Amino acid sequence: MAALAKTFLTITAEAPFDFEQTVTAHGWVALLPNHWNNQSKCLERIQQLTDGQVVQMTISQAGSADSTEIIVHVNHTKSLTTDGKEEIIKIVRHMLRLDEDFSALYAIAGKKGAYYEPMMQGFGRLLRSPTVFEDLVKTICTTNIQWGGTKRMIKEIIDAFGHPFAADSRQKSFPSAWDIAQKDFKTFNAKTNLGYRTDYIHLLACRICNGELDVESFLNPAIKTADLKKKLLAIKGIGNYAAATMLMLLGHYDALPVDSVFREFVFKKYFKGKSVPQARAEKIYKGWGKWKYLAYWYDMTR
DNA sequence: GTCCAGGTCGCGC
DNA sequence: GCGCGACATGGA
């Protein structure tokens, strides 16, 4: 076992900020290499850095629940360079969306009455992955499968192609597009049981690596939602539902999802269990402008 | 054994 | 542009 060194990094978020709400806002926290320790209220994650080193990050909130101080406890086996430290901070800021401004959302929430008021305490930061690639793979693995299946498939991908943490080789990072693309389809298929999603994920990795597709550029905030949706739908395996999920993860909240969960929730809460057309269901959140998805998500998870 | 999952693709019209 | 069957896999 390699010797372990520890480094503490701190990050200050802007108020209002709610660490636990942010991390557990949706299912991603339960997908490897993320792990939520509910006792210690820490988000643990194995992460490979640009220089190749694989580290273990334990992310938590300092002090009380309304503190804006975030501590990243890094376990590493090689020395952590200044670049490495900066990269970790950048990754954590990205995952927790510390640079997103929700003040316009809270302004609407403040006018919607008591039910939506708690939103103003930092709701809206939905946990995301360090890369768009990882979010795409995870989203593809939520289609036409139950949640247990999603967790199994993501674990298989990581076990087969992730990079081990030197101090505990059972724990691995999420593989890069290159890690997957460098295996031929047969090898990739043999090591995972992703059903027909195997083709989609391998093709996605290959197209990223050969330069056909630059999915990280999807993070550019200047891209209009409609254009971004087109780019997403052009990816094999991404349809209407998956594109809506990805738009949410990419910080575009103006579109509502089109999946069974959305429909069921809205029918039950607003239409006495009766099904109505999608357009009618969407009217429920029309007062939320470009924040519709977050209004729905708040309503759904409350 | 059989059904189906927070769908998507590719075809035919 | 819309309807419809096929699609891999494992868990209920």
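So that the names make sense, note that chain A is the first sequence line, chain B the second, and so on, each numbered from 1. Just so it is clear, the structure is predicted and the values come from calculations on it, not from any experiment.
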Considering only heavy atoms, which members of residues 196-206 of chain A lie under 4.0 Å from some atom of DNA chain B? Tyr196(A), Tyr200(A)
Taking Lys138(A) first and then Glu134(A), would you say they form a salt bridge - that is, a charged N and a carboxylate O separated by under 4.0 Å? yes
Nearest whole angstrom, please: distance from the P of dT9(C) to the CZ of Phe188(A). 12 Å
CZ on Arg45(A) to OG1 on Thr58(A), rounded to 0.5 Å: 12.5 Å
Positions of residues 143-154 of chain A (non-hydrogen atom under 4.0 Å from DNA chain B), listed by number: Thr143(A), Asn144(A), Ile145(A), Gln146(A), Trp147(A)
Under a 4.0 Å N-O cut-off, is there an ion pair linking Asp51(A) with Lys78(A)? no
Heavy atoms of chain A, cut-off under 4.0 Å: which first and last nucleotide of DNA chain B, 5' to 3', fall inside that, if you could look? dA5(B) to dG10(B)
Rounding to an integer number of angstrom, what distance separates dC3(B) and dA6(C) when you compare their C1' atoms? 16 Å
Any base atoms under 4.0 Å from Leu233(A), or only sugar-phosphate, or nothing? Heavy atoms, all strands. nothing
Any heavy-atom pair between the side chains of Gln47(A) and Pro130(A) that's under 4.5 Å? yes
Parallel, tilted or perpendicular: ring planes of Trp28(A) versus Trp147(A), cut at 30 and 60 degrees: parallel
Ring centres under 6.0 Å, that's the criterion: do Trp288(A) and Tyr298(A) meet it? no
Of Ile235(A) and Thr142(A), whose closest DNA chain B nucleotide lies nearer the 5' terminus? Thr142(A)
Nearest-nucleotide check on DNA chain B, Lys236(A) vs Trp297(A); residue mapping nearer the 5' end is Trp297(A)
Assess whether a salt bridge exists between Arg93(A) and Asp99(A), defined as any Lys/Arg side-chain N lying under 4.0 Å from an Asp/Glu carboxylate O. yes
More than 12 heavy atoms from other groups under 6.0 Å of NZ on Lys155(A): no
I want to check something: taking the side chain as every heavy atom from C-beta on, are Ile46(A) and Ile158(A) in contact at a cut-off of under 4.5 Å? no
Could you measure between the two P atoms, the one in dG6(B) and the one in dC4(C), and give it in whole Å? 23 Å
Taking the inter-plane angle between the rings of Tyr285(A) and Tyr270(A) on a 0 to 90° scale, is it parallel (under 30°), tilted (30 to 60°) or perpendicular (over 60°)? perpendicular
Atom pair OG (Ser67(A)) and CZ (Phe17(A)), whose distance is rounded to the nearest 0.5 Å: 8.5 Å
